[in-house]
Amino acid sequence: MAETDLFRPAFDGSPIGMVVLGADGALIDVNGAFARIVGRSVAALRTYHLRDLTHPDDIPRDEELRWQLDNGELPYFQAQTRLLHRNGDAVWTRMTVSPAEGEGEARYLVHVEDITEIRRAKDLLERRALYDHLTGLANRTLLLERLEAALEARRTDAHTVACIFLDVDHFKVVNDSLGHEAGDTLLQEIARRIKGAVRPGDTVARLGGDEFVVILESVATQAAAEAFLTVIASDVQIPFNVSGHEVVPTVSAGLALAEPDLTAESLLRNADTAMYAAKQRGRARVEVFTSELRSHALNKLSIESELRAAIREGELVVHYQPIVRLDTGEVVAYEALVRWQHPNRGLLLPDEFIEVCEEANLVVPLGAFVITEACEFIAAHPEFTGRVFVNVSTRQIGSADLTRVVTHALDTTGIDPHRLGLEITESGMLIATQAAKSDLDGLTALGVDLIIDDFGTGYSALSSVLLNPVSGLKLAREFTLRLGDRGTGDRISTTVATLTRSLAMSGVIEGVESEAQRAIALEHGWTLGQGFLFGHAKPVHELDLRGPSSMADPHEGPVPSAG
């Protein structure tokens with residue numbers, strides 16, 4: 001049997017596409033499998049050249065490879081080539097090209113495998129690796145790749161590269177009140193708006209959560225970049241209906257411009273630093289990165305590092321400020337206030353480190369330390385029979401399992417739970433998560449008093465009282481400063497004092513600094529007070545614990561204040 005007789009059945013019946021190609025790329029012969037790949041008949045294909053069926057972008061490479069094959073530089077070659085189906089689709093193939101044996105017009109034997117599904121799976125994996133699944137925007141990996149490329153191109157471009165870091169203001173409120181599905185819908189809409197506000201060549205990325213980044217390539221000046229940012233911010237804040245509620249989203253934005261030898265990571269970090277400054281200065285605004293912001297950020301990083309060491313090495317101390325009966329000055333309770341005994345800077349008040357503590361997620365171990373110290377103070381001083389109050393951050397409630405921390409401190413010291421009170425802000429009382437509510441209920445079940453701190457400075461204050469297991473409240477010092485104005489200050493003071501009595505709660509007026517304020521507070525119905533008039537916060541060894549003290553009646557008991 002002739003070799004051609006053996007070849008023909010194998011050629012025609014092969015499940016893999018096969019082509020006999022002429023020197024000029026003409027399709028001398030094809031099999032049925034190849035015909036199905038490109039959606040044409042075998043007979044029709046014998047009138048085609050391979051380039052007629054090849055994606056234009058792949059033709060130069062394939063012809064160069066055939067030239068190397070003809071010149072003996074390659075024994076064969078394999079390439080992923082896109083062929084054009086009759087319906088216009090591009091079909092990904094793995095094409096293996098070998099020299100054809102024998103004489104005649106045939107020059108190449110080509111095996112063609114359809115790998116479209118493999119390519120689609122690969123592209124999907126690559127997309128998942130480079131794009132955000134919720135919004136379809138670039139993710140951090142792709143963002144940095146494009147930012148690095150933009151910075152490289154800038155070396156030969158008179159224009160600059162701008163990086164914009166955007167953070168959605170109060171996004172957590174939407175998530176907590178309307179649910180995560182509504183939050184996702186809002187993020188998708190914001191992504192669409194940002195994408196629509198930039199130029200076709202610019203990159204928009206989502207870094208996760210409610211953070212977005214825009215790369216503006218080839219920007220002439222800082223003013224031009226700020227103009228782009230103004231358009232983006234304006235488009236974002238158009239009212240939007242989410243789950244039947246109108247939301248007006250705003251963003252805090254940081255802008256940073258490329259500098260010589262600046263890496264992509266550094267430029268992104270600069271924009272992030274500027275965005276944080278925008279949030280700190282009021283939100284819904286723009287800040288441009290400066291060297292001063294960099295110094296501030298480095299200083300914060302230094303404080304964070306030192307603060308971690310301070311917690312670990314026992315540099316934090318607790319001071320106690322008295323809460324007294326306004327008529328007699330008798331101390332009935334103390335508020336435990338944390339201080340940092342810095343080895344170089346001396347005694348630091350919370351204002352100098354508590355913000356960094358919150359941002360670095362150190363508030364939970366710090367809070368646990370103060371609660372433990374307060375319980376140990378009560379246990380170590382039986383001569384003092386009053387109560388001690390501790391400020392609690394909202395971050396300690398719920399996920400941080402505040403009930404467990406308090407239970408451990410009570411069990412370790414063996415004190416009566418009623419001797420401990422926890423001061424929580426109104427926003428902390430209004431946390432809607434089930435874990436937070438369980439924590440508050442658990443603390444009440446232990447016998448620990450919950451007090452609303454700085455009452456009147458938050459929102460939905462009355463709801464805070466009525467919807468949660470609250471046993472007392474403390475009037476914010478902002479209102480104490482207005483005592484005697486014969487107007488709003490006096491009316492609020494009188495009303496809140498009456499409210500605490502009618503609800504059988506304890507009430508404390510804080511910030512009392514003069515005898516005149518004490519007299520007015522007594523006239524308004526306040527029984528307990530706190531402030532510099534009665535003493536500053538002091539370390540334990542400076543307290544006079546020998547004098548009379550007593551457990552305050554529930555109607556008069558002390559409430560905590562922010563330290």
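Just so it is clear, the structure is predicted and the values come from calculations on it, not from any experiment.
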Surrounding NE2 of His408 (heavy atoms of other residues, nucleotides or ligands, distance under 6.0 Å), is the total greater than 12? no
Does the side chain of Val213 come within less than 4.5 Å of Leu268's, by heavy atoms? yes
Given 3.5 Å as the limit, does a donor-acceptor pair link the side chain of Thr500 with the main chain of Ala497, or not? yes
Would Asn270 and Thr273 satisfy side-chain hydrogen bond (donor to acceptor under 3.5 Å, both in side chains), going step by step from the backbone distance to the final call? CA-CA 5 Å; Asn270 289 351; Thr273 299; 5.3 Å; no
Evaluate Gln530 against Lys474 for side-chain hydrogen bond (donor to acceptor under 3.5 Å, both in side chains), listing each step before the verdict. CA-CA 10 Å; Gln530 180 180 358; Lys474 179 180 285 185; 2.5 Å; yes
Side chain proximity check, Phe369 to Val318, heavy atoms < 4.5 angstrom: yes
With a 3.5 Å cut-off and no angle check, do the side chains of Asp441 and Thr444 form a donor-acceptor pair? no
Please check if the side chain of Arg419 supplies one atom and the backbone of Ile415 the other of a donor-acceptor pair under 3.5 Å. no
So Arg387 and Asp449, do their side chains get closer than 4.5 Å, heavy atoms only? yes
Under the rule for side-chain hydrogen bond (donor to acceptor under 3.5 Å, both in side chains), what residues qualify as partners of Glu513, not counting sequence neighbours? none
Tell me, do Arg339 and Pro350 make a side-chain contact under 4.5 Å, heavy atoms counted? yes
Could I get the full list of ring-ring contact (aromatic ring centres under 6.0 Å, His included) partners for His170, not counting sequence neighbours? none
Does atom NZ (Lys279) have a neighbourhood of more than 12 heavy atoms from anything else shown, all under 6.0 Å? yes
For Thr495 and Thr498, which I'm curious about, is there any donor-acceptor pair between the side chains at under 3.5 Å? no
Can you list the steps and then say if Asp169 with Thr250 is a side-chain hydrogen bond (donor to acceptor under 3.5 Å, both in side chains)? CA-CA 6 Å; Asp169 297 324; Thr250 61; 2.8 Å; yes
For Glu181, does the CD atom have more than 12 heavy-atom neighbours from other residues, nucleotides or ligands under 6.0 Å away? no
Look at Glu287 together with Arg285 and state whether they make a salt bridge at an N to O cut-off of under 4.0 Å. yes
Judged by modelled atom types alone, do Asp439 and Thr403 share a side-chain donor-acceptor pair under 3.5 Å? yes
Going by atom types alone, do Thr290 and Glu292 pair a side-chain donor with an acceptor below 3.5 Å? yes
Whether Arg206 and Glu211 form a salt bridge (side-chain N of Lys/Arg under 4.0 Å from carboxylate O of Asp/Glu) is what I want to check. no
Walk me through whether His342 and Trp340 qualify under ring-ring contact (aromatic ring centres under 6.0 Å, His included). CA-CA 6 Å; His342 195 283; Trp340 181 1; 5.1 Å; yes
Do NZ/NE/NH1/NH2 and the carboxylate oxygens of Arg140 and Glu265 come within less than 4.0 Å? yes
Check: Tyr334 ring centre within less than 6.0 Å of Phe384 ring centre: yes
Should Leu216 and Phe228 count as side-chain neighbours, where that means a heavy-atom distance under 4.5 Å? yes
Do the two ring centres, one from Phe377 and one from Tyr320, sit under 6.0 Å apart? yes
Would you call Arg269 and Asp272 a salt bridge, taking side-chain N to carboxylate O under 4.0 Å as the test? no
Checking Phe289 now: which residues fulfil ring-ring contact (aromatic ring centres under 6.0 Å, His included) with it, not counting sequence neighbours? none
For a side chain to side chain contact (heavy atoms under 4.5 Å, CB included) with Phe165, tell me which candidate from Val214, Val251, Leu267, Leu207 qualifies. Leu207
Do Val168 and Phe212 have side chains that approach each other closer than 4.5 Å (heavy atoms only, starting at C-beta)? yes
